[in-house]
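This report refers to the structure that appears directly beneath it.
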Amino acid sequence: MENVLFVASECVPFIKTGGLADVIGSLPQALKQNEQIEPRVILPLYDEIADDWKDKMEYLTSFDVKLGWRIQEVSIYTITHDQIIYYFIANDYYFTRKGIYGYYDDGERFVFFSQAVIDALAYLDFEPDILHAHDWQAGMAVALANILKPIEGMKTVFTIHNIKYQGIMPIDTFANFFNLEREHIGGMEWDGMLNCLKSALFHADKITTVSPTYAEEIKYPYYGEGLEPMLLEREQDLIGILNGIDTREYNPLTDPNLSVNYRSARSKKIENRIVLQEKLGLPIEGNMPLYIIVTRLVEQKGLHLVQTILEEFIQEDVQFILLGTGEPEFEHYFSNLAYRYPDKVAALITFDEGLARQLYASADFFVMPSKFEPCGLAQLIALQYKTVPIVRETGGLKDTVIPYNELTGEGNGFSFANYNAHELLRVLRYSLAIYHYQTEWQQLLRNVNKSQFSWKDSAHEYSNLYEQLVPTPIYR
């Protein structure tokens, strides 16, 4: 039996701001299916976690954590949910706040969290063989595990979900936050600053990212965010493992948000579309192709490309719906377009999970032309809801969306290579041509129906990775 402790800053169903929470909520569940692995999770106990969850937690213990000259009290709580045991680090000063990120002292807060995790190992009824930390907020836990060696022989894995965010602090915070000899500063410093993510890259036994293509991309300057020399140095220990999707949660056959549930029938998608069009005040057009974008409105998502060509594309017989919030530039653009083309465009400047599901269930095409995308969850949801993705060939988008090939009949979507607006326009027009060519369209839909991205395969790869670190039989 291999004991694996996941260290992360968020996790479904307790607290979520992005895809990291979905991974931490799903991957331990998938690993649990292997009787040779015992996964558990440790998280901060944020004030934002719902009282319904807090009321079910059991108090475990309390102890003091030393953070430089500070001494902070920590309490540990625990809960079992869906057969997974979760631990929560409670501290009023750092975690009793509105929201979970965006504070001036986020670096200090998550260095504290990492130190508390390492100190907690002496008090838990669980001795990890592997500590598996995720993103910069847990990066220092990897460094401290390697330096302090709280459990003899414990190995470490660090997963990069998005290398853009690194947890950078002034170098003098080393003396302020750590009770370590200065010889250790070299493993934590990068470009004259203390860097939480770099610290994990330096100290981890193995490094993973959330797709094979992203693992290759971040070794080079365009995607590496300045850390590419470090990743090239560690490339023998770097592996990309594609994220999965919780197929129980995202299931059009059982989703309560949908007007009409379905397995694969196109007619049922059209019924959902008509309900959505009535709700949004769009003309009822069951057979006019519907294109959607569901995203955060930020540059990373390729929205400058969309801005350049969308007005030209909607002159075709199509409808377009956007759902999301973010940067004012994009909010204003899509709102203005919807105002000028009320029969063609709807802009929903909000985020509503139920409404997002309704869009996935109603659309023919899902557009995701990201500048970079470590894995991407939305294109997997689209495929699960039998909606054809149109993506740029980067990161996990390239690994999950295979461009349709008329000659072979293979492929489950459409893609383009360069970050170029007219390449996007070309592929949008091509998708429209295939839609109107019924033989090809039906073949494409059959391919979409066969697309599977459950966590089972990903869990198997992680299990193999753990076995490399702790060589005992995991899969029999």
Side-chain angles (χ1 to χ4, degrees), residues 12 16 18-19 21-22 26 243-280 282 285-297 301-303 306 318-326 334 345-370 373 375-391 396-397 400-401 412-415 428 431 435 441 444-454:
V12 167
K16 175 182 176 178
D22 292 297
S26 299
N243 280 348
I245 189 173
D246 187 339
T247 53
R248 298 172 303 170
E249 174 67 20
Y250 298 106
N251 186 347
L253 189 61
T254 58
D255 191 333
N257 297 288
L258 307 189
S259 301
V260 182
N261 291 106
Y262 60 94
R263 187 185 302 276
S264 61
R266 176 166 160 71
S267 60
K268 298 294 180 66
K269 281 182 71 76
I270 291 175
E271 289 181 49
N272 278 292
R273 183 183 311 170
I274 290 170
V275 172
L276 181 68
Q277 289 167 330
E278 289 177 341
K279 180 177 181 179
L280 300 181
L282 287 170
E285 297 281 2
N287 291 311
M288 180 182 286
L290 174 61
Y291 291 74
I292 64 168
I293 293 179
V294 179
T295 187
R296 289 180 295 116
L297 301 183
K301 299 300 181 179
L303 298 178
V306 177
V318 299
Q319 288 183 340
F320 172 85
I321 302 174
L322 171 125
L323 173 66
T325 62
F334 288 110
V345 179
L348 310 173
I349 308 302
T350 182
F351 192 77
D352 180 307
E353 180 67 28
L355 185 54
R357 306 286 185 92
Q358 293 166 33
L359 262 66
Y360 287 120
S362 302
D364 297 294
F365 299 99
F366 175 79
V367 184
M368 193 174 182
S370 300
E373 198 67 55
C375 179
L377 179 65
Q379 85 280 12
L380 303 182
I381 299 173
L383 287 165
Q384 186 72 4
Y385 282 71
K386 318 308 176 188
T387 299
V388 178
I390 299 171
V391 304
L397 302 181
T400 55
V401 178
N412 61 358
F414 299 93
S415 67
L428 287 171
S431 71
Y435 176 87
W441 178 242
L444 174 56
L445 292 183
R446 284 193 289 272
N447 298 346
V448 168
N449 288 336
K450 295 175 185 176
S451 298
Q452 295 291 329
F453 296 101
S454 76

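Quick caveat: nothing in here was measured; it's all calculated off a predicted structure.
- Note that CZ of Phe351 is 8.5 Å distant from OG1 of Thr325, once rounded to the nearest 0.5 Å.
- With sequence neighbours excluded, the residues satisfying side-chain contact (heavy atoms from CB on, under 4.5 Å) with Thr254 are Asn251.
- Residues Glu271 and Val275 have side chains not in contact (no heavy-atom distance under 4.5 Å, counting atoms from C-beta outward).
- Only one option out of Tyr250, Tyr385, Phe453 pairs with Leu380 in a side-chain contact (heavy atoms from CB on, under 4.5 Å); it is Phe453.
- In terms of heavy-atom proximity, Asp352 sits nearest to Leu323 at O-CD2, 4.0 Å.
- For Cys375 against Asn243, the heavy-atom pair with the smallest separation is SG-CB, 3.4 Å.
- Note: Leu383 CG to Lys450 NZ = 14.0 Å, rounded to the nearest 0.5 Å.
- Listed for the Thr247 side chain is no donor-acceptor partner under 3.5 Å among the backbone atoms of Ser454.
- In this structure, OG on Ser362 lies 8.0 Å from CG on Leu258, to the nearest 0.5 angstrom.
- The closest donor-acceptor contact from the side chain of Lys268 to the backbone of Ala361 lies at 3.5 Å or more, if one exists at all.
- Put simply, CG on Leu428 and CZ on Phe320 are 9.5 Å apart, with the number rounded to the nearest 0.5 Å.
- Taking both residues in full, the closest heavy atoms of Pro252 and Asn261 are given as O-ND2, 2.9 Å, listed atom of the first, atom of the second, then distance.
- Leu348 approaches Leu355 most closely through the heavy-atom pair CD1-CD2, 3.6 Å.
- The backbone N or O of Met368 lies less than 3.5 Å from no partner atom in the side chain of Lys301, so there is not a single donor-acceptor pair.
- The shortest heavy-atom contact between Gly244 and Leu377 is O-CD1, 4.5 Å.
- Taking CG of Asn272 as the start and CD of Gln358 as the end, the distance is 8.0 Å to the nearest 0.5 Å.
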Margin query: Run the side-chain contact (heavy atoms from CB on, under 4.5 Å) test on Leu282 and Val345 for me, step by step, so that the C-alpha distance in whole Å, both residues' side-chain angles and the decisive distance to 0.1 Å come before the verdict.
Written below: CA-CA 8 Å; Leu282 287 170; Val345 179; over 6 Å; no
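- Distance check, rounded to the nearest 0.5 Å: CD1 of Ile321 to CG of Leu359 gives 5.0 Å.
- Classification of the Trp441-Phe365 ring pair by plane angle, with boundaries at 30° and 60°, yields tilted.
- Side-chain N/O atoms of Glu373 and Gln379 include no donor and acceptor closer than 3.5 Å.
- With a 4.5 Å cut-off on side-chain heavy atoms, Leu322 and Ile349 count as touching.
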Which atom pairs, one a donor and one an acceptor, fall under 3.5 Å between side chains of residues 286-297 and the rest of the protein, sequence neighbours left out?
residue, atom, partner, partner atom, Å
Tyr291, OH, Ser431, OG, 2.9

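- Legend: salt bridge (charged side-chain N to carboxylate O under 4.0 Å, His left out) pairs involving residues 357-367, not counting sequence neighbours, sorted by first then second residue: Glu249-Arg357, Asp255-Arg357, Arg266-Asp364, Arg273-Asp364, Glu353-Arg357.
- In this structure Phe366 satisfies the ring-ring contact (aromatic ring centres under 6.0 Å, His included) test together with Tyr360, sequence neighbours excluded.
- Residues passing the ring-ring contact (aromatic ring centres under 6.0 Å, His included) test with Tyr262: none are found, sequence neighbours excluded.
- By the side-chain contact (heavy atoms from CB on, under 4.5 Å) test, Asn449 pairs with Ser264, Lys386, sequence neighbours left out.
- Across Leu444 and Gly413, no two heavy atoms sit closer than the pair CD1-N, 3.8 Å.
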